[in-house]
Asks: 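I'd like to ask you about the structure that follows.
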There are 4 protein chains.
Amino acid sequence: MEPVAEPRLEAWERRTDYPLTVLAVLYLGVYAVQVLATRPGQAWWWWLDAALWAVWVVFVVDYGVRVGLARRKGRFIIRHPLDLLVVAAPFFRFLRLLRLVAAISVLGRVLRDDFRGRVGSYLIVSVSLLSFVAALGVFEAERDAPDASILTFGDALWWVLTTITTVGYGDLSPVTTEGRLVAAGLMLAGIAVLGTVTAAIATWFLEQVGARDASEAVAAPPRADPADLRHAELLAELRDLRRRLDVLENAPGEAESTRARS
Amino acid sequence: MEPVAEPRLEAWERRTDYPLTVLAVLYLGVYAVQVLATRPGQAWWWWLDAALWAVWVVFVVDYGVRVGLARRKGRFIIRHPLDLLVVAAPFFRFLRLLRLVAAISVLGRVLRDDFRGRVGSYLIVSVSLLSFVAALGVFEAERDAPDASILTFGDALWWVLTTITTVGYGDLSPVTTEGRLVAAGLMLAGIAVLGTVTAAIATWFLEQVGARDASEAVAAPPRADPADLRHAELLAELRDLRRRLDVLENAPGEAESTRARS
Amino acid sequence: MEPVAEPRLEAWERRTDYPLTVLAVLYLGVYAVQVLATRPGQAWWWWLDAALWAVWVVFVVDYGVRVGLARRKGRFIIRHPLDLLVVAAPFFRFLRLLRLVAAISVLGRVLRDDFRGRVGSYLIVSVSLLSFVAALGVFEAERDAPDASILTFGDALWWVLTTITTVGYGDLSPVTTEGRLVAAGLMLAGIAVLGTVTAAIATWFLEQVGARDASEAVAAPPRADPADLRHAELLAELRDLRRRLDVLENAPGEAESTRARS
Amino acid sequence: MEPVAEPRLEAWERRTDYPLTVLAVLYLGVYAVQVLATRPGQAWWWWLDAALWAVWVVFVVDYGVRVGLARRKGRFIIRHPLDLLVVAAPFFRFLRLLRLVAAISVLGRVLRDDFRGRVGSYLIVSVSLLSFVAALGVFEAERDAPDASILTFGDALWWVLTTITTVGYGDLSPVTTEGRLVAAGLMLAGIAVLGTVTAAIATWFLEQVGARDASEAVAAPPRADPADLRHAELLAELRDLRRRLDVLENAPGEAESTRARS
């Protein structure tokens with residue numbers, strides 16, 4: 001699958017990347033305020049909800065433009081399932097926060113640029129953001145559900161922690177469909193986190209071991225390089241030839257002088 | 001254990017691989033319909049059950065033929081425990097779906113062919129298939145059991161998710177023997193999934209780090225290659241020799257002229 | 001910490017390794033029969049218990065001899081904590097099965113000898129053995145405890161599975177001290193199993209990726225080796241010199257002839 | 001982010017490292033005695049509490065001095081969040097034990113110095129210490145809480161084990177905020193432990209596989225080094241030239257003799 005040049009699409013994404021990220025962060029803020037500070041039915045709740053719908057419309061427009069600009073539209077849609085999900089599931093308001101994945105990548109870009117440092121930064125930023133978002137989502141989904149166990153935002157944060165680390169006490173667990181969708185995302189994220197941490201440590205180990213071997217190699221007595229030995233042999237041959245030629249060059253000269261004497 | 005050539009067995013497996021895979025997929029479909037849409041005792045249920053038994057007979061015949069074609073029959077049986085399980089445990093209808101492992105490998109074969117892409121495709125396809133199959137199996141096993149906690153197919157899917165990610169809330173867990181067999185398979189699969197994800201990330205990391213080192217090496221000022229230095233030295237020697245020989249060749253000519261003059 | 005030669009100790013261990021392993025396997029058999037088929041107070045139970053104590057005495061004697069043969073006794077004791085545990089905790093009959101760790105290594109030795117195969121065999125053999133032993137231990141510890149949840153051997157096996165895979169539903173969990181010691185061992189083993197599986201997959205991945213790169217390297221058009229280029233240059237120089245010398249050698253001959261004509 | 005030289009800060013830390021570590025160990029001892037042997041309201045409890053506060057004051061002074069000595073104070077504070085936590089949260093007495101992280105590093109320093117050995121030692125020492133400290137912290141936080149499940153120190157140790165291995169039965173789980181903070185630290189530690197164990201095993205595997213390949217390479221028949229072949233060719237050329245020159249050198253001599261005869 002050779003990459004296809006999508007100049008116009010990429011230009012659009014370059015231009016809209018930051019504003020949309022800012023918008024997504026605002027969305028998160030408004031969403032958090034709505035979930036934590038207001039309740040459905042209050043006047044404020046309606047205003048905030050309207051704002052969230054407005055942001056969603058912007059996301060839909062952005063998605064439409066990108067599909068329109070893409071040369072291979074089918075491929076674009078297949079390659080961007082999260083964006084499709086954001087647009088296609090308007091009533092899972094929680095899902096719109098998927099747009100924050102872009103925010104994470106932007107944050108990652110402005111962070112320190114050595115590989116390990118970037119991995120660490122990504123991990124911390126994305127796990128924190130994901131945990132907060134998931135806690136909001138599960139709290140909103142569960143708090144009014146019958147026989148739910150996650151009733152406060154503190155419970156939601158605690159449940160997120162036990163889930164993303166795959167500990168899973170089960171003292172709290174979601175009972176609604178939306179809450180379980182959040183859980184599904186969290187568990188997959190948890191596996192990715194475990195894998196990333198392990199991989200980072202393993203990479204570091206291998207470098208350590210490699211470094212140690214290297215230092216041992218340095219410590220070892222420097223054995224002669226075969227290439228140098230071969231070189232010395234050729235050089236000796238050539239120097240010998242030169243010596244012979246020195247003699248040879250003077251020989252004819254003598255011959256002249258002897259002939260001159262006769 | 002050097003591999004043994006099994007030409008006839010391999011020929012048979014090449015010929016029957018696709019049809020049996022299609023059959024296994026059909027089996028899954030019929031099984032799903034029977035489990036989700038009908039109940040024991042209904043007329044439909046009996047028809048579907050007959051179809052499932054028919055497929056099982058085909059599997060038994062296939063297994064028998066393969067044992068018959070294998071040169072080292074004992075080794076074949078030991079090396080294909082899953083197939084034996086399918087044939088030997090006719091009343092664990094669920095187990096027949098193990099034949100789908102072949103379906104996965106076929107699917108894997110038709111998928112993109114770079115290593116990482118193939119691993120990813122295998123992982124997604126097999127985990128999705130496994131989860132669906134396990135949910136069907138545990139749902140069928142548990143739904144009518146006394147004091148079971150998995151009562152709907154949604155519960156079954158949720159339980160599969162918590163199990164394969166090794167989160168294991170325990171809000172739902174199987175109580176029947178067949179349900180626990182399904183769980184055992186899922187947990188082992190979960191470990192394999194965790195391991196594969198981690199390994200994939202670690203491989204990617206190591207390549208990144210390697211690439212970074214490489215780029216640094218490129219960035220570094222190109223220090224002289226000792227081989228080039230040795231080469232230059234030899235070449236200088238040879239060029240010197242040639243110069244001397246040029247002189248030498250003309251010398252005898254002079255000698256002629258001088259002799260001519262005398 | 002340079003290794004210390006312990007010729008007499010090693011000789012003893014070589015001689016006693018197999019018999020003690022057989023004894024440990026017998027111990028497991030007797031222990032299993034006692035736990036699963038008899039109950040304290042029955043005549044049979046006492047006979048089996050006497051046999052178990054007899055085996056323990058043998059282990060104590062073996063340990064004493066090994067300490068006696070070891071040159072650096074303190075170091076030996078520190079390096080063999082499991083053996084010390086077996087000897088020092090006579091009333092945790094379960095712990096004596098730690099001696100089976102030796103059995104596993106012996107089994108491993110007789111198994112196929114390529115690295116990956118050996119790792120796989122170790123893993124399967126030791127995990128199966130460990131699970132069975134742990135199930136016996138926790139079953140014996142829990143079955144008569146007040147408000148215990150593990151009441152049948154089937155429960156014990158199921159609990160072992162949920163624990164060693166770190167899923168940990170918590171539908172069953174030990175409540176006695178001895179049961180929790182068993183659990184501690186299982187959980188640590190579970191981490192080791194997860195780690196080993198992941199490591200094996202990662203190693204395989206890295207080899208795959210390496211192999212792929214290698215094959216690509218082969219596929220790539222063979223670019224000229226700088227060493228060959230340098231070599232060709234030197235050779236050209238030398239061949240030129242030879243040509244010149246051919247001319248030079250014939251020149252004096254001519255000179256003779258000319259002189260002869262004068 | 002190039003490291004900044006902090007000579008005075010480092011000098012201070014070198015000087016205070018050991019004493020503060022000893023102090024932290026003492027703190028742990030006093031804290032353990034207070035939690036396990038006394039109850040709030042008893043005279044002893046007050047004396048021990050005073051001692052703990054005194055140690056905390058020392059930590060605060062040390063932190064203040066280090067901030068004062070640091071050239072880039074903001075960076076120092078950002079880079080030492082744990083120390084800040086110790087100082088800023090005086091009423092989470094548990095958190096002061098974070099200072100023991102230094103103790104672990106000191107212990108690590110005095111331990112065996114090959115890489116793998118050090119990793120293993122760190123792992124064992126830090127996991128044991130962490131588990132004990134976490135058990136103390138969660139026990140103190142939970143034991144008097146309404147509807148808490150962790151009521152004895154044994155329960156606390158068992159809960160720590162199920163949490164750090166990410167098994168998470170959920171038969172016991174903290175309900176207080178401080179208990180859940182302890183749990184958060186433990187779960188993150190658990191992920192790190194899993195990752196470290198896996199990474200260590202993977203590193204060992206890769207070395208095994210590498211070693212095996214190396215030994216195979218040694219076993220393989222030594223194929224001719226192209227460099228040697230090239231070298232031999234050049235040498236043959238040069239030896240040929242020398243032979244020619246030998247002839248050439250004697251030729252003029254003959255010429256003389258012939259001339260002398262005429």
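Quick caveat: nothing in here was measured; it's all calculated off a predicted structure. Proteins come first, then strands; the chains are lettered A, B, ... in the order of their sequence lines, and each starts at number 1.
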Asks: Against chain B, label A/I201 side chain, backbone, both or neither, depending on which of its atoms sit under 4.5 Å from a heavy atom there.
Replies: neither
Asks: Under a 4.5 Å heavy-atom cutoff, which of B/V167, B/V197, B/D171 has the most pairs with chain A?
Replies: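 The candidate making the most pairs under 4.5 Å is B/V167.
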Asks: Which residues, numbered in order, of residues 153-164 of chain A come under 4.5 angstrom of chain B by heavy-atom distance?
Replies: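 The stretch touches chain B at A/W159, A/T163.
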Asks: Is there a side-chain contact between A/L194 and B/L194, using heavy atoms and a 4.5 Å cut-off?
Replies: yes
